[in-house]
Amino acid sequence: MPWTDWQFWVVTIVAIVALFVLYRVLVPRKKGKRTNLTVSAQKKSDACKDGDSGCGCS
């Protein structure tokens, strides 16, 4: 091995960077953090708490 040759180190560093880029492209990343589904309508119990909200529930 030509340990003292500067071209050897340049090619080695380029190869390591290329392997890292290839790994990032081929290996799938984990998805972002999971969130709960949202519902746009109010829950029936939330709408009827004040009694005069006009929801029609008794």
Side-chain angles (χ1 to χ4, degrees):
M1 286 260 156
W3 298 106
T4 59
D5 195 10
W6 67 270
Q7 289 100 347
F8 169 76
W9 292 110
V10 169
V11 171
T12 302
I13 291 171
V14 169
I16 289 172
V17 170
L19 286 174
F20 178 73
V21 169
L22 189 64
Y23 174 79
R24 296 283 288 176
V25 169
L26 294 179
V27 175
R29 296 182 201 159
K30 291 186 178 181
K31 301 287 182 183
K33 68 177 185 178
R34 296 180 60 163
T35 58
N36 294 332
L37 294 176
T38 56
V39 179
S40 60
Q42 289 181 340
K43 292 181 182 178
K44 186 175 181 180
S45 61
D46 291 341
C48 297
K49 281 185 180 175
D50 34 339
D52 62 339
S53 63
C55 68
C57 54
S58 51

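All of these numbers come straight from a predicted model, not from anything done at the bench.
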Enquirer: So, using side chain to side chain contact (heavy atoms under 4.5 Å, CB included) as the criterion, who are the partners of R24 when residues are at least two apart?
Expert: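 For R24, the residues satisfying side chain to side chain contact (heavy atoms under 4.5 Å, CB included) (neighbours in sequence not counted) are F20, R29.
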Enquirer: Output the rest of the hydrophobic cluster of Y23: all Ile, Leu, Val, Met, Phe, Trp and Tyr residues reachable through side-chain heavy-atom contacts under 4.5 Å, sorted by chain and number.
Expert: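 Result for Y23 is V27.
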Enquirer: Can you list the other members of the hydrophobic cluster that holds L19, where links are side-chain heavy atoms under 4.5 angstrom apart?
Expert: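 When side chains under 4.5 Å apart are linked, L19 ends up in no cluster with other residues.
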Enquirer: What pairs of donor and acceptor atoms, side-chain ones from residues 2-14 against any protein atom, are under 3.5 angstrom apart with sequence neighbours left out?
Expert:
residue : atom : partner : partner atom : Å
W9      : NE1  : W3      : O            : 2.7
T12     : OG1  : F8      : O            : 2.6

